[in-house]
Q: 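Below is the structure I would like to discuss, written out as structure tokens.
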Amino acid sequence: MIAAMVAACAEQSYAETTIADVVAGAHVSRTTFYREFADKRACFDAAVAAAIAELSEAAKAELDAERAPAAQVRAATAAMLELMARRPQLAQLLVGEAVAVEPATVDRHREILLPSVAAIWREAGADGATHCDPVTAFGRVQLLIFERVAAGEAERLPELLPEVVYLATGPFAGHEAAIAEARACAEDAATATAVAVATAGAQR
Amino acid sequence: MSEAGGRLPRGRHGLSRETVVSSQRGRLQAAAVEVIAARGFDVATVADVLEVAGVGRETFYELFDDKRDCMLAAHAELVDELEACLREAYLGEAPWPHRVRHSVAAALGFFSARPPAARFMLIELFAIGPPARERFHEGYNRFVALFEEGLDAETRAGAGPVQAAKLAVGAVAARTYEEVLVGRAAELPRLTDELTYELVVPFLGEDAAREAASS
């Protein structure tokens with residue numbers, strides 16, 4: 001039912017989605033729906049919570065205290081962008097519908113994500129001071145992702161890696177570190193593309 | 001867009017039909033902005049819009065398909081106005097960091113002068129579902145293109161391969177959204193320094209950004 005809610009919200013909007021859409025999409029009865037959820041909003045909130053959990057898991061799987069903080073932030077960011085690229089409906093739900101329905105639901109996402117990013121930098125010996133507001137940086141990341149999803153180009157979300165890494169680094173390690181990390185991501189991506197092109201050329 | 005109060009004289013006035021329709025359209029759109037910002041897209045009705053605009057239902061449906069259509073028309077016009085306002089502030093001979101500061105001040109001034117328009121453009125738009133996504137994407141990229149247009153090659157090179165124009169537009173939109181959401185649109189101009197810094201820093205570094213912010 002959560003999957004059906006996610007799909008319905010991506011196709012239309014939360015406001016237009018009905019419980020009938022959800023039960024039809026999930027092939028369950030209305031009785032089953034009401035056994036799990038009090039109403040449409042409860043089902044939506046559960047879908048948002050599940051999406052946040054899924055993204056957090058994908059990011060956490062990349063964390064490894066042995067690695068440099070920049071490498072961890074980059075790997076975790078890439079994992080989240082790739083997950084959303086594979087599952088555009090998830091991205092639409094989190095950065096689109098959830099924000100439109102009740103912006104506070106997104107605060108939970110931020111409250112899970114920001115402390116873990118801050119902790120990565122802190123453990124690495126960053127002074128703990130914030131260079132710019134991480135809450136604003138989070139909002140900016142959401143907006144960048146939303147713009148791609150709104151354009152119907154969620155599959156290209158991984159291309160935003162340099163920009164998102166910039167925003168995830170700046171508040172904690174300052175502009176110089178942020179721009180250096182973002183450049184490194186962009187250059188690696190360019191190398192990867194060049195290698196792919198060369199490989200494709202060689203195969204021909 | 002004209003204010004909802006700009007009504008034409010009643011009775012015989014010798015105005016062309018075109019003038020009358022254009023005035024009615026403007027009033028309806030202005031009323032839609034006001035009513036939707038105050039009550040929310042879902043709750044606001046066409047009747048509310050008609051009452052504020054002082055225009056008849058028949059005229060409304062001659063001009064628009066429905067509430068959403070009227071909202072989209074009003075939104076398009078506001079985006080055009082904002083773009084014209086930023087174009088004026090941003091493109092010119094002054095050094096780039098100054099122009100950035102002027103444009104940030106102009107954008108924040110635009111929204112702070114009209115809190116209902118700010119709420120309408122940044123929050124209520126998304127209540128209409130998928131058509132809002134396309135609108136947002138289009139609008140966003142118009143401002144990215146404008147930001148790029150005013151960048152010289154040397155400044156552009158400072159940000160390297162990072163899409164800093166996208167970051168710039170996103171910074172203003174995200175920060176403005178946060179403030180409008182909590183009803184602080186009128187206080188937006190106090191963010192001018194902070195946002196100028198954020199926009200300049202990817203291109204010119206921290207020292208130049210601090211200088212631009214305090215100029």
Side-chain angles (χ1 to χ4, degrees), chain A residues 9-17 92 95-104 106 131-133 135-153 159-167 170-171 174-176 178-190, chain B residues 40-43 68 122-141 143-144 158-182 191 194-195 197-210 213:
Chain A
C9 283
E11 271 164 41
Q12 35 200 350
S13 66
Y14 171 74
E16 289 163 338
T17 296
Q92 175 57 42
V95 300
E97 290 311 300
V99 179
V101 172
E102 174 53 271
V106 188
H131 295 257
C132 52
D133 187 2
V135 172
T136 297
F138 181 83
R140 291 173 66 183
V141 170
Q142 276 201 312
L143 193 91
L144 284 182
I145 294 174
F146 178 63
E147 190 278 322
R148 290 288 77 202
V149 176
E153 295 191 348
E159 292 173 20
L160 282 180
L161 185 64
E163 289 74 27
V164 178
V165 163
Y166 176 84
L167 291 169
H175 159 76
E176 297 297 335
I179 201 88
E181 285 309 320
R183 273 172 194 274
C185 291
E187 279 153 19
D188 287 358
Chain B
F41 175 77
D42 292 334
V43 178
R68 177 185 300 199
L122 293 163
I123 295 168
E124 291 304 327
L125 173 69
F126 300 103
I128 70 171
R133 300 172 197 168
E134 201 176 305
R135 276 306 176 87
F136 174 80
H137 162 68
E138 278 170 21
Y140 191 90
N141 286 290
F143 293 108
V144 170
V162 179
Q163 300 180 66
K166 266 196 163 183
L167 282 174
V169 174
V172 177
R175 196 71 184 86
T176 305
Y177 169 82
E178 280 176 26
E179 297 295 311
V180 172
L181 191 62
V182 294
L191 302 179
E194 174 190 329
L195 277 170
Y197 178 89
E198 290 294 337
L199 265 56
V200 172
V201 73
F203 295 94
L204 302 179
E206 292 183 1
D207 292 341
R210 259 191 296 274

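Bear in mind that the values here come from a model prediction, so they are computed numbers and not experimental data. Chain naming here is simple, since letters A, B, ... match the order of the sequence lines and numbering starts at 1 in each.
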Q: Are Ile128(B) and Ser13(A) side-chain neighbours, meaning at least one heavy-atom pair lies under 4.5 Å?
A: no
Q: Go through it in stages, so that I can follow the logic: the residues are Arg148(A) and Glu159(A), the test is salt bridge (Lys or Arg N to Asp or Glu O under 4.0 Å), and I'd like the CA-CA distance, side-chain angles, deciding distance and then a yes or no.
A: CA-CA 10 Å; Arg148(A) 290 288 77 202; Glu159(A) 292 173 20; 5.8 Å; no
Q: With the side chain counted from C-beta on, respond yes when His175(A) and Tyr166(A) share a heavy-atom pair under 4.5 Å apart, and no when they do not.
A: yes
Q: Does any heavy atom of chain B fall under 4.5 Å from the side chain of Val99(A), the backbone, both, or neither of them?
A: both
Q: For the interface with chain A, which of Gly129(B), Pro130(B), Ala164(B) has the highest count of heavy-atom pairs at distances below 4.5 Å?
A: Pro130(B)
Q: For chain B, find which of Gln12(A), Glu163(A), Glu11(A) contributes the most heavy-atom pairs closer than 4.5 angstrom.
A: Glu163(A)
Q: Shorter than 4.5 Å, heavy atoms on both sides: which option in Asn141(B), Val169(B), Leu125(B) has the most such pairs with chain A?
A: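 Looking at each of Asn141(B), Val169(B), Leu125(B) in turn, Asn141(B) comes out on top.
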Q: List the steps, then state whether salt bridge (Lys or Arg N to Asp or Glu O under 4.0 Å) holds for Lys166(B) with Glu147(A).
A: CA-CA 10 Å; Lys166(B) 266 196 163 183; Glu147(A) 190 278 322; 3.3 Å; yes
Q: Find out whether Leu161(A) and Asp188(A) are in side-chain contact, i.e. whether some heavy atom of one side chain is under 4.5 Å from a heavy atom of the other.
A: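 Not touching, per the 4.5 Å side-chain cut-off.
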Q: With respect to chain A, which residue among Ala171(B), Ala174(B), Gly170(B) yields the maximal number of heavy-atom pairs within a distance under 4.5 Å?
A: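 Most heavy-atom pairs under 4.5 Å with chain A: Ala171(B).
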Q: Please step through ring pair (Phe, Tyr, Trp, His ring centres under 6.0 Å) for the pair Phe126(B) and Phe136(B), ending with a clear verdict.
A: CA-CA 9 Å; Phe126(B) 300 103; Phe136(B) 174 80; 5.6 Å; yes
Q: Select one option (side chain, backbone, both, neither) describing which atoms of Glu206(B) are under 4.5 Å from chain A's heavy atoms.
A: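 Answer is both: backbone and side chain atoms of Glu206(B) are under 4.5 Å from chain A.
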Q: State the CG-CZ distance between Leu191(B) and Arg175(B), to the nearest 0.5 angstrom.
A: 5.0 Å
Q: Which bit of Glu16(A) comes within less than 4.5 Å of chain B, counting heavy atoms only: side chain, backbone, both or neither?
A: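 Interface part for Glu16(A): side chain.
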Q: So what's closer than 4.5 Å to chain B heavy atoms on Cys9(A): side chain, backbone, both or neither?
A: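 The backbone, not the side chain.
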Q: Chain B: which of Glu97(A), Glu187(A), Arg183(A) shares the most heavy-atom pairs with it under 4.5 Å?
A: Arg183(A)
Q: Check each atom of Leu181(B) against the heavy atoms of chain A and say whether the ones under 4.5 Å are side chain, backbone, both or neither.
A: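 The side chain, not the backbone.
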Q: With sequence neighbours excluded, tell me which residues meet ring-ring contact (aromatic ring centres under 6.0 Å, His included) with Tyr177(B).
A: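 Here no residue qualifies.
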Q: Is it the side chain or the backbone of Ala137(A) that comes within 4.5 Å of chain B heavy atoms, both, or neither?
A: neither
